[in-house]
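Here is the naming used below: chain letters follow the sequence lines, and residue numbers restart at 1 for every chain. Keep in mind the model is a prediction, meaning the values are calculated, not measured.
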Amino acid sequence: MITVNTRILKAEFEYFTPNTIKEVLHLLDQYGSDANVIAGGTDLLVRMKNEVISPSHLINIMKISEMSFIKAEEGWLRIGAATKWHEVVEFCAKDRKYTALYEASCSLGKVQVRNMATIGGNLCTASPAADSAPALLVFNSRVKLTSAQGERIINLEDFFKGVNLTAMAPNEIMTEIQIPSINNGMGSAFMKITRVGADISKISCAVALERQGDICASCKIAMGAVAPVPMKIDQANKIVIGKKVDASLVEEMEKKVSEEINPITDIRSTAEYRRKTAAILLKDVFWKAWHRAGGDK
Amino acid sequence: MMKRKMVNFKVNGELHEVLVESNALLVNVLREELGLTGTKYSCGTGQCGSCTVLVNGKPALSCLMLAVAVDGADIVTIEGLAKPDGSLEPVQEAFLDHSAIQCGFCTPGMVIMGRDLLNKNSNPSESEIQEHIKGTLCRCTGYTSIVRAIKSCGK
Ligand SMILES: Cc1cc2nc3c(=O)[nH]c(=O)nc-3n(C[C@H](O)[C@H](O)[C@H](O)COP(=O)(O)OP(=O)(O)OC[C@H]3O[C@@H](n4cnc5c(N)ncnc54)[C@H](O)[C@@H]3O)c2cc1C
């Protein structure tokens, strides 16, 4: 392995600070794949320091006010892609309905990182361990992608294509994340397992569910760092839907999730560890969400 | 050829106009151009928190920030926490009183994080302090006295 000097940034590039989305799109059309958008820079600059990538043009999107907002309207919670994490945390702390997103936001990095990094950057990096992904997936979120040719909205699960790969074309940017409004009876939770406090997840899990008494009316599960992309679990959850929930049914679901995921061995954990932990993590997150749907905080 | 850019920002209340390369990091500009070596450069990848400064009132990592990106910003470094007459601010005093400094390398970042927490929460609990300084690493592992020092500033 080459030793990299992270005290400097070796790469040379031209730097732009546009004020509108239109200007960004124009620059992207002009420079194509030589250009990279930079938001908080907490992923991108680390990758550039480590010489994983070396774009010749950087386009700063942090001065674009139309990309930084949180609005609840017409059945959707809309979050601008360049909205910083601390703003998401503050919003969710007030509006406690999006509990899984709140817990994921609070767990992301640390104070300093949340003051710099953006929600769009977390998704666009397309790390299998991106903490916001499972939380956004269980709420059926969509993302708005914009290019000079127009806009399109796609489901978040169709956005991730592989490790650091997304459905975005080189001339597209993510402008907005859209989360459907949440019904009052929904309970959700997010948890992750890390080696030390402020660390990338070894494995993460979000659950959002609705209850009718002891019956689980709906249940969505998503996991991070268990496959090349953040993954919506669509088999294990079926075990509890429409059924009277008890410990043995949840145990069946835990077994199923270990089979359904597709983890790898990397520097953070082995695949075997992830399969075992996935079951335990799901159990904890499921019951948390279950009790919340029943009215607990 | 890389274009140099003129950036204007306030550091510790003073306006600066600096000509920087587009790839210059804020930490290097603070230390090398402005001589403010209180801000430390350690891991370079955001893990350790030694390079923490306040940008527009919020703690941020100056090793992962381009100098060109802080054009127009208001920055406070550890040098800016003491009062103009040189007397220390309460968190700094508390670090001295509680011997919360070993090698001293993490201290600027720790003091800034302590100040930031106390600005929002005038009487933080031990666990709130731990959570707030979670991303600021002390490799001497002197956390106990650091947490005690910050806690002593609560009221
Ligand atoms: C110390 C540290 C701790 C961290 N801890 C965590 C953690 O616990 N959990 C976690 O998930 N992540 C963590 N991260 C990773 C990172 O902070 C997050 O992924 C963050 O949300 C990235 O956002 P950013 O604005 O900094 O992205 P940037 O670094 O600016 O961008 C990341 C990538 O996305 C692209 N991009 C950004 N915005 C857009 C857009 N609107 N449209 C198109 N492309 C775009 C960029 O071109 C780049 O390729 C950590 C990072 C550090 C340094």
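B:Thr52 touches chain A through its side chain: at least one heavy atom from C-beta onward sits under 4.5 Å away, while N, CA, C and O do not. Proximity to chain A is absent for every atom of B:Asn56, based on heavy atoms less than 4.5 angstrom apart. Residue contact with chain B, scored on non-hydrogen atoms closer than 4.5 Å, involves the backbone of A:Lys10 exclusively. Residue B:Leu25 touches chain A through its side chain alone, counting heavy-atom pairs closer than 4.5 Å. Only the backbone of B:Cys43 has a heavy atom closer than 4.5 Å to any heavy atom of chain A. In this structure, chain A has heavy atoms under 4.5 Å from both the backbone and the side chain of B:Met65.
A:Asn115 contributes no side-chain N or O that, together with a main-chain N or O of B:Ala60, makes up a donor-acceptor pair within less than 3.5 Å. Here the side chain of B:Asn23 pairs no donor or acceptor atom with the backbone of A:Ile8 at under 3.5 angstrom. Of the possible donor and acceptor atoms, one in the side chain of B:Tyr41 sits under 3.5 Å from a partner among the backbone N and O of A:Thr6.
Contact count against chain A (heavy-atom pairs under 4.5 Å) is highest for B:Pro59 among B:Gly49, B:Gly109, B:Pro59, B:Gly46. Counting heavy-atom pairs closer than 4.5 Å to chain A, the top-ranked of the candidates B:Val27, B:Val55, B:Thr136, B:Thr45 is B:Thr45. For the set A:Met62, A:Lys49, A:Met48, the entry with the most heavy-atom pairs within less than 4.5 Å of chain B is A:Lys49. Among B:Leu64, B:Leu117, B:Leu137, B:Asp116, the residue making the largest number of heavy-atom pairs under 4.5 Å with chain A is B:Leu64.
No more than 12 heavy-atom neighbours from other residues, nucleotides or ligands sit within 6.0 angstrom of CD on B:Glu126. The 12-atom threshold is exceeded at NE2 of A:His86, counting heavy atoms of other residues, nucleotides or ligands nearer than 6.0 Å. Counting non-hydrogen atoms of other residues, nucleotides and ligands closer than 6.0 Å to CZ of A:Arg78 gives a total above 12.
The CE atom of A:Met116 sits 5.0 Å away from the CG atom of B:Leu61 when rounded to the nearest 0.5 Å. Distance CD/A:Glu14 to NZ/B:Lys5: 6.5 Å, rounded to 0.5 Å. Here the CE atom belonging to B:Met113 is positioned 4.0 Å from the CD atom belonging to A:Gln112, to the nearest 0.5 angstrom.
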### Message
Let's go through A:Thr17 and B:Asp71 carefully: what are the C-alpha distance in whole Å and the side-chain angles of both, what is the deciding distance for side chain to side chain contact (heavy atoms under 4.5 Å, CB included) to 0.1 Å, and is it a yes or a no?
### Response
CA-CA 10 Å; A:Thr17 306; B:Asp71 193 26; over 6 Å; no

- Given the rule in the side chain to side chain contact (heavy atoms under 4.5 Å, CB included) test, do A:Phe13 and B:Leu66 qualify, once you have shown the distances and angles that lead to the verdict? CA-CA 12 Å; A:Phe13 49 83; B:Leu66 296 172; 4.0 Å; yes

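A pairwise comparison of heavy atoms in A:Arg7 and B:Asn28 identifies O-ND2, 3.0 Å as the closest pair.
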